[in-house]
2 protein chains.
Amino acid sequence: MGCKRKAKRILQTAERLFASGRFHEVTLDQICQEAGVGKGTIYRYFDDKEDLYFQVILTGLDELVESMRQVREQVDDPGEGLRKAACRVVEFYRKRHALFRLMHTEQIRGSDRKGQMWQKWHTRHQAMLDVFADFVRMGIESERYTARLSPEAIARLIGGMLRSGLRNEDEMPGGDEWPAVVVELLESGLLPRENGETS
Amino acid sequence: MGCKRKAKRILQTAERLFASGRFHEVTLDQICQEAGVGKGTIYRYFDDKEDLYFQVILTGLDELVESMRQVREQVDDPGEGLRKAACRVVEFYRKRHALFRLMHTEQIRGSDRKGQMWQKWHTRHQAMLDVFADFVRMGIESERYTARLSPEAIARLIGGMLRSGLRNEDEMPGGDEWPAVVVELLESGLLPRENGETS
DNA sequence: CAATGAATACTGACTGGTCAGTTCTATCCC
DNA sequence: GGGATAGAACTGACCAGTCAGTATTCATTG
C-alpha cells in the first residue's frame, strides 16, 4: 500500500519523457534516473513499460474529463458552454503540453492487453467529447441551432479544430481568445439563417 | 541503374506495416519478408530504418500535395474550391488509410537528421494547407468572407476538422458528402451576417 | 549468337549493441 | 523491526545494420 508518492513521481517523469520522444526512444533507466527512484520501484507500481505508458495517458485524460464535466454542470447556455469547454481543453493542454503530444500521438490497435488499454482511452476521450456534444444537443433542442450533422459529429469537429489550434498556437490570435473565436466561428454556422443558403 | 521496382515494393510494404504498428513494433525483417526482398536490399535504397520511414511519409505527402494543387488551378470560386479541396484530401486518405494514420502519428522533434526530415514534412504539409488558405484569402479579398482569423489559421482548422472526420468516418453522414458539409458549416461562419451577432 | 567478364543488384546468416525486466543486498525511514 | 526502496549487476531476447557471397544484367568480342 505505502504512499503513492513514488508512483506519482514516476508518472510525472514518464509523462515528460514519453512526450519528448517516441516510445522506443525512452528507456526505463532514463525514467527511473530522472525520477530519482530505483528501477525496481517502477515494477512495484507498474506491470511493464507499456503499462506505465498507458497509465500516464489515462490518468492525464481522467483529469481533463473531470474538469470538462464541471463545465457541463456549471453552464446552461449552449454557446457559453461550448466556449468555456473549449477554453478548458486548451488551458489544460497548454499547461501540460507533454500530455497533449502524448495523447494525440495516436497509437495503434491491438487485440491483446494493449487493445483493452486503447479501449479505456477511447472511453475517456468520448466522455470529453460528450460534453461538447451535450451543449450542441442542448442548442438544437432549444431550436437555437440547426445542424445537418449530429451533435457527436460536431463535437468531433470542434475537437479537431482545437487540436489544430493547439499545435500551432503561435499562428492563432491573442492568448486565451482563440478557442472562443474558433467555437464562435463554428457556432455561427449552426445558427439558422433566413436569407441565402451557402451553396 | 536498374528499375526501382524493389524500392517501390519496399515502400508499399513499409507503408502498410508502419501504419499497423508503432515504429519499434515493426521490424525490418518483417518488412523485407513481406516485401519479398532481402534485408540488404532495403539498405541499397534507404539509409536506415528511420530514412525508410520518412520516405514513406514524404512520397505519400508529395502525391497529395500534387493532387491539391490541381484543384487550385482548376477552380475559381472560393466555396467550390474549399469543398473540392476537402473532398480531395478525404478521398486520398480514404484510399490510403495506412498513410493517413502514419501521417498524423505525430512523431517528435530532434535537431539532427531527423529534424531535417520533419522540416521536409512540414513544408509539404504547409503546401497542402496553403491550398485551403488561398481559397479563403480569395474569398476575403472578393469580400465574400469576413474573418477574425487569418486564412492560414482557418486552413488549419479545416485540416483539423477533416482529420477528425476521417478518424471516425462511420459517424459522419453519407459517403462523399460529409467533407462538403463540414466545409459549408465553417464557410457559413465566414459569411458576413447583417443581423444579431453570435455572442 | 554464344561466350566472356565486369558491374551491378541482391540475399540472408551473422554480429554487436541495446534494453526490458529480474534479482539481490545494502539502506532508509516509519 | 520490518516493509519499502535504491540501484548495481545480470540475463536473455531482440533487432538494426553488415558483409561475404550469389545471382542477374548487360556490354563486349570473336
Side-chain angles (χ1 to χ4, degrees), chain A residues 1-58 102 105 107-108 110 112-117, chain B residues 1-59 102 105 107-108 110 112-118:
Chain A
M1 42 212 74
C3 57
K4 299 268 164 130
R5 217 176 318 142
K6 295 273 160 108
K8 190 144 198 176
R9 296 202 49 161
I10 294 170
L11 277 174
Q12 285 169 344
T13 309
E15 176 176 326
R16 184 164 44 82
L17 290 177
F18 277 135
S20 77
R22 286 178 286 181
F23 186 82
H24 72 281
E25 293 171 327
V26 178
T27 67
L28 289 180
D29 288 314
Q30 226 179 317
I31 293 174
C32 67
Q33 174 146 22
E34 298 204 20
V37 303
K39 195 175 182 181
T41 308
I42 291 180
Y43 286 89
R44 175 168 286 315
Y45 293 108
F46 305 96
D47 295 341
D48 53 20
K49 190 182 180 183
E50 201 83 49
D51 183 48
L52 172 57
Y53 183 83
F54 277 107
Q55 294 309 325
V56 169
I57 291 181
L58 289 184
L102 210 46
T105 299
Q107 309 296 352
I108 318 292
D112 42 359
R113 179 169 50 101
K114 212 160 50 175
Q116 293 171 27
M117 289 301 208
Chain B
M1 42 235 47
C3 54
K4 301 268 166 132
R5 218 175 318 144
K6 297 260 163 116
K8 190 144 198 176
R9 296 202 48 162
I10 294 170
L11 276 174
Q12 284 168 345
T13 309
E15 176 177 325
R16 183 164 45 82
L17 290 178
F18 277 136
S20 78
R22 287 179 285 182
F23 186 81
H24 73 279
E25 292 171 329
V26 179
T27 67
L28 290 180
D29 288 312
Q30 227 179 316
I31 293 174
C32 68
Q33 173 145 26
E34 298 205 20
V37 303
K39 194 174 185 182
T41 307
I42 291 179
Y43 288 88
R44 174 168 263 0
Y45 295 108
F46 306 96
D47 294 341
D48 52 20
K49 191 182 181 184
E50 201 83 50
D51 183 49
L52 171 58
Y53 184 83
F54 277 106
Q55 294 308 326
V56 168
I57 291 181
L58 289 184
T59 56
L102 210 46
T105 300
Q107 308 294 350
I108 317 294
D112 43 359
R113 179 169 50 99
K114 212 160 50 175
Q116 293 172 26
M117 289 301 209
W118 284 115

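Note on naming: letters A, B, ... go to the chains in the order of the sequence lines (proteins, then strands), and numbering restarts at 1 for each one.
- Partner of B/C32 under the side chain to side chain contact (heavy atoms under 4.5 Å, CB included) criterion, chosen from B/I10, B/V37, B/T13: B/V37.
- Remark: B/Y43 is not in phosphate contact with C/dC10, judged by side-chain N or O atoms under 4.0 Å from OP1 or OP2.
- Atom CD1 of residue B/I31 and atom CD of residue B/E15 lie 11.5 Å apart, to the nearest 0.5 angstrom.
- Straight-line distance from the CZ atom of B/R5 to the P atom of D/dT24: 13 Å, rounded to whole Å.
- For the pair A/I31 CD1 and C/dC19 P, the interatomic distance rounds to 12 Å; values are reported in whole Å.
- Taking only side-chain atoms of B/T27, from C-beta outward, the nucleotide of D/dG17, D/dA16, C/dA20 with the closest atom is D/dA16.
- Checking D/dA16, C/dA20, D/dA6 against every side-chain atom of B/K39, the shortest atom distance belongs to D/dA16.
- Ring pair B/F18/B/F23 is parallel by interplanar angle, where below 30° counts as parallel and above 60° as perpendicular.
- Atom CD in B/Q30 sits roughly 13 Å away from atom C1' in D/dC14 (whole-Å rounding).
- Comparing A/G40 and A/L28 along DNA chain C, the residue whose closest nucleotide (by nearest heavy atom) sits nearer the 5' end is A/L28.
- Note on A/T41: every side-chain N or O is 4.0 Å or more away from OP1 and OP2 of D/dT5.
- For B/K49, a side-chain nitrogen or oxygen approaches OP1 or OP2 of D/dA16 to under 4.0 Å.
- The environment of B/Q33 atom CD is sparse: at most 12 non-hydrogen atoms of other residues, nucleotides or ligands sit within 6.0 angstrom.
- Separating the NE2 atom of A/H24 from the C1' atom of D/dC15 is a distance of 12 Å, rounded to the nearest angstrom.
- Look at CD1 on A/I42: it is 13 Å from C1' on D/dT5, rounded to the nearest Å.
- Rounded to a whole Å, the CG atom of B/D29 is 9 Å from the C1' atom of D/dA16.
- Considering only side-chain N and O atoms, B/Y45 lies nowhere under 4.0 angstrom from the phosphate OP1 or OP2 of C/dA9.
- What separates CG of A/D51 from P of C/dA20 is a distance of 15 Å, to the nearest Å.
- The distance from atom CD of B/E50 to atom P of D/dC15 is 16 Å, rounded to the nearest whole Å.
- Close to C/dC10, at under 4.0 Å from its OP1 or OP2, lies a side-chain N or O of B/K6.
- The side chain of A/R44 places an N or O atom within less than 4.0 Å of a non-bridging phosphate oxygen (OP1 or OP2) of D/dT5.
- Side-chain contact between A/Y45 and A/L52 is absent, with no heavy atoms from C-beta onward closer than 4.5 Å.
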